[in-house]
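Convention: sequence-line order gives letters A, B, ...; per-chain numbering from 1. Because the structure is predicted, anything quoted here is derived from the model rather than measured.
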Number of protein chains: 4
Amino acid sequence: MAGSVNKVILVGNLGKDPEVRRMQNGNPVVNLTVATSDTWRDKGTGERKEKTEWHRVVIFSEGLAKVAEQYLKKGAKVYIEGALQTRKWTDPQGVEKYSTEIVLQGFNSTLTMLDGRAGGGAGGGGGYGGDDMGGDFGSSGPSSAPPQRRVAAPAGGGGRGSDMDDDIPF
Amino acid sequence: MAGSVNKVILVGNLGKDPEVRRMQNGNPVVNLTVATSDTWRDKGTGERKEKTEWHRVVIFSEGLAKVAEQYLKKGAKVYIEGALQTRKWTDPQGVEKYSTEIVLQGFNSTLTMLDGRAGGGAGGGGGYGGDDMGGDFGSSGPSSAPPQRRVAAPAGGGGRGSDMDDDIPF
Amino acid sequence: MAGSVNKVILVGNLGKDPEVRRMQNGNPVVNLTVATSDTWRDKGTGERKEKTEWHRVVIFSEGLAKVAEQYLKKGAKVYIEGALQTRKWTDPQGVEKYSTEIVLQGFNSTLTMLDGRAGGGAGGGGGYGGDDMGGDFGSSGPSSAPPQRRVAAPAGGGGRGSDMDDDIPF
Amino acid sequence: MAGSVNKVILVGNLGKDPEVRRMQNGNPVVNLTVATSDTWRDKGTGERKEKTEWHRVVIFSEGLAKVAEQYLKKGAKVYIEGALQTRKWTDPQGVEKYSTEIVLQGFNSTLTMLDGRAGGGAGGGGGYGGDDMGGDFGSSGPSSAPPQRRVAAPAGGGGRGSDMDDDIPF
DNA sequence: TTTT
DNA sequence: TTTT
């Protein structure tokens, strides 16, 4: 409905290498399996407890999917921002199934690598080759990386003072 | 795992009145069904599209559950902050099922009413009685509402100046 | 740096009508003043306390700025997602000043109206005219609203079953 | 006001070691300086651009402050969740100043270490000693770590089926 | 299946 | 002053 927000923020590790499928036009669609976990100390016994939660992530955003395919490996720590989506499907036996996924698609989706260790896991061939490793990747369509524009000189001012400088903050 | 984040933020409307179950100690556990939706214009036909997503929300936090039970009604607009959790269960026919829910439990869960219209829906009797309607409700355990503490006077200062005043900022 | 996140999420009300400046190309840059507040009960006296926080919001995103200019009025409740930015400037007396603002610019910025009451405030003439009121507005550049694409039929499948249907989830 | 949200989410690195002050009761109040940065490629020249943003973070939450004091060092990568707060103060020359900070205080504040490298910087002695390094630290008051409670057996059921098991999700 |  |  108008006036709604559907946002998921995860920081976790990949349980396995990204799974890549291809759209008919050749664009990649990437599935990630991301683990988060909570740890706490049992109030009664005092022993340490841990519960891992596994998340399905589907990346439709072309730019982010390419990044995921290229740089992410089992074990990589990522920051992910997407939306919840529940799919209903019927299995071959005719049983209805639901699958809830975090979808990265269109604006307001983010994928950020939080370590350079990615790929150290599994049978991982490791090594990226690129010099863009460990970067932030915003989702903004096929080919353009949206710059952090600054307003050059707003006509019709009312500026808050003179001599603005945008560098060192404090 | 250590160093992980599992967070869901929703702004949406209740699809029906809250469902209240009771713990053995009488505390409420509340289930909400929340709708969010995306609207966009089809690139080809130019027609307006809308897709509604339904979310299961489970409130274990005692304070938030009581608030939900007392004030929320079908149609209410809410801000929700919780964590993703997928439960696996087996139905009476022996079929394995998964259900992914947004869980409000412990710290870092939030439930905030965003309108005063709540209860205008369904067969809703409406009317709250309380004067607390439309408030923010932080999740911080059974009985204490965590105050927004201000540091009174940090010993061993190094204060940044004199004459701090905390009122109107700009 | 690579691997960083800078995100602000606000739900609050406009303290006054949007302030609109113009870029040299005529595009609007909109400033909002948004109030949020915390309420709590004093632990000692038991009295109700409230503290209002005021936020400066600057909208560079062309699409969001137009929406803000057109639909928002004093009193409107909004959901805002942007990034923190601190500007340093020197006032006419040569005193250095800092101003921290929530910037909506590029991808991952959001502005969503959360009520239809917008404009009920101040000297607000109110009334929008548009039929798009109360909508979600994603920031995705000048002219295209990013559709919620669904993968049509990924070539090289490994699909999870047959008979997927995307409608009512539970 | 009722129905508002004031939330900041940062993933960044400490620019220097935490600064610790003491409350009159001996509790620590910790100040962090956190850097985030955006990188993009200039549309015109094609050159790589980077802009770093510095954030002041103040930790009043007793538990989080202790963790910060104990484990964080210059260079550490952290996930932070807090609220925006602008303080007004008057400097010794009588000039009004504003300072906007991210405050971690009460519920809904989070501090999570995202690397184990923390402390590798500055004159850092490094080494933590503790075995809790790299953990999640929720803000929930002085001494109790809030467990991830599960509802044991809600009285007055309406359960969704039989044989619930909470382990492997998919 | 990850991570600490 | 961080980080890549």
Side-chain angles (χ1 to χ4, degrees), chain A residues 10-19 31-39 48-57 71-78 80 112-124 128 130-137 167-170, chain B residues 1-6, chain C residues 1-6, chain D residues 10-19 31-39 48-57 71-78 80 112-124 128 130-137 167-170:
Chain A
L10 299 179
V11 174
N13 296 275
L14 299 207
K16 50 181 171 179
D17 287 350
E19 296 166 338
N31 284 263
L32 304 179
T33 299
V34 176
T36 59
S37 94
D38 285 293
T39 53
R48 192 189 192 68
K49 299 279 195 177
E50 177 165 11
K51 182 170 184 299
T52 296
E53 191 68 34
W54 289 97
H55 310 269
R56 290 183 185 281
V57 175
Y71 297 119
L72 296 183
K73 294 285 180 194
K74 178 179 179 178
K77 175 159 287 190
V78 289
I80 280 174
T112 302
M113 290 179 56
L114 294 178
D115 56 12
R117 291 174 296 137
Y128 307 138
D131 60 350
D132 252 345
M133 216 186 78
D136 299 318
F137 310 104
D167 33 71
I168 324 97
F170 56 79
Chain B
M1 89 253 0
S4 72
V5 173
N6 174 2
Chain C
M1 89 247 9
S4 72
V5 174
N6 173 2
Chain D
L10 299 179
V11 174
N13 297 273
L14 300 206
K16 50 181 171 179
D17 288 351
E19 295 166 338
N31 283 264
L32 305 179
T33 299
V34 176
T36 60
S37 95
D38 285 293
T39 53
R48 194 191 190 68
K49 299 281 195 176
E50 176 165 10
K51 184 170 183 300
T52 296
E53 191 66 34
W54 290 97
H55 310 270
R56 290 183 184 281
V57 175
Y71 297 117
L72 296 183
K73 294 285 179 196
K74 179 179 178 177
K77 175 159 285 190
V78 291
I80 280 175
T112 303
M113 291 178 57
L114 294 178
D115 55 11
R117 289 173 298 136
Y128 308 138
D131 61 349
D132 253 344
M133 216 186 79
D136 299 318
F137 311 104
D167 32 70
I168 322 97
F170 55 81

Length of the line joining Lys77(D):NZ and dT3(F):P, which is rounded to integer Å: 10 Å
In whole Å, what is the span from the CG atom of Asn6(B) to the P atom of dT2(E)? 19 Å
Residue Asn13(A), side-chain heavy atoms: nucleotide from dT3(E), dT2(F), dT1(E) that is nearest: dT3(E)
Of the nucleotides dT1(F), dT2(E), dT4(F), which has the atom closest to the Glu50(D) side chain? dT4(F)
Contacts of type side-chain hydrogen bond (donor to acceptor under 3.5 Å, both in side chains), residue Lys16(D), not counting sequence neighbours: Glu19(D)
Can you identify which nucleotide, out of dT4(E), dT1(E), dT2(F), has its nearest atom closest to the Lys16(A) side chain? dT1(E)
Between Lys73(D) and Leu14(D), is there a side-chain heavy-atom distance shorter than 4.5 Å? no
Expressed in angstrom and rounded to an integer, what is the separation of Arg48(A) atom CZ from dT4(E) atom P? 13 Å
Expressed in angstrom and rounded to an integer, what is the separation of Asp38(A) atom CG from dT2(E) atom P? 18 Å
Kindly point out which of dT2(F), dT1(E), dT2(E) is positioned nearest to the side chain of Ala35(A)? dT2(E)
Expressed in angstrom and rounded to an integer, what is the separation of Lys74(D) atom NZ from dT2(F) atom P? 5 Å
Between Asn31(A) and Val57(A), is any pair of side-chain heavy atoms under 4.5 Å apart? no
Centroid under 5.5 Å and tilt under 30°, Trp54(A) to dT1(E): yes
Round to the nearest Å and state the distance from Lys51(D) atom NZ to dT1(F) atom P. 17 Å
Looking at dT2(F), does its base get a donor-acceptor pair with the side chain of Thr52(D) below 3.5 Å? yes
Length of the CG-P vector between Asp17(D) and dT3(F), whole Å: 11 Å
Could you check if a side-chain atom of Val78(D) sits within less than 4.5 angstrom of a side-chain atom of Thr112(D), using non-hydrogen atoms only? no
Write down the distance between CG (Leu114(A)) and C1' (dT3(F)), rounded to a whole number of angstrom. 12 Å
Heavy-atom distance under 4.5 Å between the side chains of Asn6(C) and His55(D), does that happen here? yes
